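These notes concern the structure reproduced below.
Because the structure is a prediction, the values reported are computed rather than measured. Numbers here simply count residues along the sequence, with the first being 1. Just so it is clear, the values below take in all heavy atoms, side chains as well, and ignore hydrogens, waters and symmetry mates.
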Amino acid sequence: MFWENFMESLSYLITYRGLWLALYAVSLTCLYQIFVRFVPIKQTWYWKACLIVSLYLSISVIIWVGDENLLYAFPAFMLSTMLCTTGDRLGRLTVNIIFFCIIMSINAMIDTFLGNRIHNVWLAYYDVFTRLLRPAVWGALWLLLRKRLPQTPPRLPHRIWRVVFGLSLMPLCSLLSVILVARTHYYTNLEVQHFALNLSLTVLPFVFITSLVLLLAIMILSDHEALEQANQMANMRQLYYDGLQREQRQVRTLRHDLRNHLTVVMGLLEQQEHHKAMEYLQNLSESPALHNSQLICENEAANVVLNAKLADIENLELECDYSISLPKTLAILDIDLCALLGNALDNAIEAAQKTNDRRIILRCRTEKGMFMLRVANTMPNDVSEDLSTTKPDKELHGFGIAGMREIALRYSGTLETQTQFGRFELIVALPLK
């Protein structure tokens with residue numbers, strides 16, 4: 001009697017006193033806090049409002065095994081979340097599929113199993129139980145993940161998103177099949193209903209757990225990618241400081257020997273050896289300390305990398321026809337700019353050494369809100385299919401075209417390669433926002 005009175009009062013509060021709004025608000029808040037940690041949200045207020053409405057409808061939709069609600073919920077959820085988010089399309093699609101599987105598996109387990117497992121006495125309070133369980137599940141999920149969630153949405157390379165996307169289809173197909181497999185005879189055939197319920201009892205928890213594991217995998221891969229980027233940044237910084245230290249050593253050496261050089265020149269002039277004095281000064285002017293300190297462009301990071309690469313080109317007796325026009329500041333991270341220039345020239349140098357035409361063409365400039373990079377060289381016969389370096393120590397020689405293409409995609413730009421008449425050409429175009 002006590003429990004029935006208690007449930008009557010609770011049902012009255014939830015149904016007629018608006019407690020159901022508070023319960024859905026708890027579920028929605030927990031889901032939203034998890035969702036925004038995995039995909040960037042458009043900052044305009046109406047897109048945020050649209051996303052909130054979409055998530056609210058998704059957690060409130062009733063999913064029964066054998067029902068068709070899932071068929072309508074899936075396209076509506078995917079369309080709204082894709083419109084409200086930004087970033088890599090494949091990454092957003094993958095994350096949205098994973099969250100759809102989590103949301104719908106929770107709804108299906110609560111609605112189906114609770115409706116079929118509670119005793120007839122409590123069946124009248126079915127809505128009360130389902131509305132109480134949703135915030136309990138989402139609250140527990142938030143408490144479980146909150147310390148592990150990424151601070152910013154993961155930014156994985158496109159090739160990794162392709163792998164995760166393929167894996168996300170596994171729980172999605174399982175969810176769709178178990179919900180829809182018995183939809184034609186679920187309510188008319190008790191054997192079909194019994195079979196579908198037993199099947200869903202196994203598959204739905206699998207969908208839920210698999211989707212959570214995929215979210216954890218994305219977080220782990222994101223951490224790994226952050227370490228890789230930190231390593232690349234350290235390499236670029238090392239290249240930068242090595243170039244500065246090399247120039248400083250050359251300048252110190254030249255300064256140290258300057259008095260001796262002046263003594264020699266003055267002695268030659270006193271002896272009327274003007275020709276020898278001129279020859280000595282000519283040799284002095286070709287000193288690396290003077291020759292390699294040229295200002296190629298106004299951008300400091302690019303200038304250091306280009307000086308280092310041009311010095312390598314000269315040491316290898318290659319020829320470089322270059323024209324660089326970059327401003328002091330760019331809307332491109334120094335690490336990405338150095339990676340593009342350094343790897344493009346590394347690949348060109350590597351290829352030019354293997355051909356008779358040892359000429360490299362380099363063009364880089366900003367124009368009409370675009371960063372443009374073009375590198376051309378003769379293509380060797382043993383070029384690999386992915387156009388990456390053929391050196392055995394690949395970690396020390398950049399990450400090839402694939403890594404440069406990922407940088408281009410990150411800035412919503414393009415990277416194109418073409419071969420014609422035995423020459424290879426790389427063109428990078430990045431919008432400067």
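- Residues P150 and M219 share a closest heavy-atom pair of CD-SD, 3.4 Å.
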*Could you please spell out the steps behind the side-chain contact (heavy atoms from CB on, under 4.5 Å) verdict for I296 and Y322?*
CA-CA 10 Å; I296 300 176; Y322 65 88; 4.1 Å; yes
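- Side-chain contact check for L345 versus L306: some heavy-atom pair is nearer than 4.5 Å.
- Put simply, CZ on R146 and CZ on R37 are 10.5 Å apart, with the number rounded to the nearest 0.5 Å.
- Two residues are said to be in side-chain contact when any heavy atoms from C-beta on lie closer than 4.5 Å; S325 and T366 fail this criterion.
- Between F38 and I34, the shortest heavy-atom distance links the atoms CD1-O, 3.2 Å.
- Between L221 and V164, the closest side-chain pair of non-hydrogen atoms falls below 4.5 Å.
- Summarising the geometry, atom CG belonging to L318 is positioned 12.5 Å from atom NZ belonging to K309; distances are rounded to the nearest 0.5 Å.
- Counting only distance, with no hydrogens or angles, the side chain of N303 and the backbone of C297 share a donor-acceptor pair below 3.5 Å.
- Residues C173 and L176 have side chains not in contact (no heavy-atom distance under 4.5 Å, counting atoms from C-beta outward).
- Rounding to the nearest 0.5 Å places CD1 of I332 at 6.0 Å from OH of Y411.
- Contact detail for C84 and W47: the closest heavy-atom pair is SG-O, 3.4 Å.
- Between F100 and F77, the ring planes are tilted. Angles from 30° to 60° get that label.
- Evaluation of the salt bridge (charged side-chain N to carboxylate O under 4.0 Å, His left out) rule for E416 yields no partner, not counting sequence neighbours.
- Counting heavy atoms of neighbouring residues, nucleotides and ligands inside a 6.0 Å radius, atom CE of M278 does not exceed 12 of them.
- Taken to the nearest 0.5 Å, the CG atom of L133 stands 5.0 Å off from the CD1 atom of I110.
- Taking 4.5 Å as the limit, every side-chain heavy atom of L83 sits out of range of all side-chain heavy atoms of C50.
- Counting heavy atoms from C-beta outward, V428 and T414 have side chains that stay 4.5 Å or more apart.
- Closest approach of P327 to N299, counting heavy atoms only: O-CB, 3.2 Å.
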*asked:* Using the rule given for side-chain contact (heavy atoms from CB on, under 4.5 Å), can you reason through L310 versus C320, listing the C-alpha separation, both sets of side-chain angles and the distance that settles it, and then say yes or no?
replied: CA-CA 8 Å; L310 292 176; C320 185; 3.8 Å; yes
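- R148 meets the salt bridge (charged side-chain N to carboxylate O under 4.0 Å, His left out) test with D223; sequence neighbours excluded.
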*Going through the distances and angles, do E319 and I360 end up as a side-chain contact (heavy atoms from CB on, under 4.5 Å)?*
CA-CA 6 Å; E319 179 185 353; I360 298 172; over 6 Å; no
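- Among V53, V61, I59, the single residue meeting the side-chain contact (heavy atoms from CB on, under 4.5 Å) criterion with L57 is V53.
- With hydrogens and angles ignored, the 3.5 Å screen pairs a side-chain donor or acceptor of N343 with a backbone N or O of A339.
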Mind listing the side-chain donor-acceptor pairs of residues 205-218 below 3.5 Å, one per line with the distance, residues two or more places apart or on another chain?
{"from": "T210", "atom 1": "OG1", "to": "F206", "atom 2": "O", "distance (Å)": "2.6"}
{"from": "S211", "atom 1": "OG", "to": "V207", "atom 2": "O", "distance (Å)": "2.8"}

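- Between the side chain of N69 and the backbone N or O of I62 there is at least one donor-acceptor pair closer than 3.5 Å.
- L90 and W161 get closest at one heavy-atom pair: CD2-C, 3.9 Å.
- Shown here for I97 and L169, the closest heavy-atom pair between the two residues is CD1-CD2, 4.4 Å.
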*asked:* Could you go through L333 and D336, starting from their C-alpha distance and side-chain angles, then the distance that decides it, and tell me whether this counts as side-chain contact (heavy atoms from CB on, under 4.5 Å)?
replied: CA-CA 5 Å; L333 294 177; D336 295 329; 3.7 Å; yes
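- Here L432 contributes atom CG and K368 contributes atom NZ; the two are 14.0 Å apart, rounded to the nearest 0.5 Å.
- Listed by first and then second residue, the side-chain hydrogen bond (donor to acceptor under 3.5 Å, both in side chains) pairs that reach into residues 74-86 are S54-S80, T81-N96, T85-R92, sequence neighbours excluded.
- Of the charged side-chain nitrogens involved, none lies within less than 4.0 Å of a carboxylate oxygen, so that R358 and E317 do not count as a salt-bridged pair.
- More than 12 heavy-atom neighbours from other residues, nucleotides or ligands sit within 6.0 angstrom of CE on M82.
- In this structure D357 satisfies the side chain to side chain donor-acceptor pair (under 3.5 Å) test together with T378, R423, sequence neighbours excluded.
- When side chains are defined from C-beta on, K48 does not count as touching L51, because their heavy atoms never get closer than 4.5 Å.
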Mind listing the side-chain donor-acceptor pairs of residues 23-32 below 3.5 Å, one per line with the distance, residues two or more places apart or on another chain?
{"from": "S27", "atom 1": "OG", "to": "L23", "atom 2": "O", "distance (Å)": "3.3"}
{"from": "T29", "atom 1": "OG1", "to": "A25", "atom 2": "O", "distance (Å)": "2.7"}

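- Listed for the D111 side chain is a donor-acceptor partner under 3.5 Å among the backbone atoms of I63.
- Using a 4.5 Å heavy-atom threshold, the side chains of R374 and L426 count as separate.
- Atom-to-atom distance recorded for N107:CG and L204:CG is 10.5 Å, nearest 0.5 angstrom.
- Within 6.0 Å of the CZ atom in R363, the count of heavy atoms belonging to other residues, nucleotides or ligands exceeds 12.
- Electrostatic pairing of D88 and R155 does not count as a salt bridge here, judged by no charged N lying under 4.0 Å from a carboxylate O.
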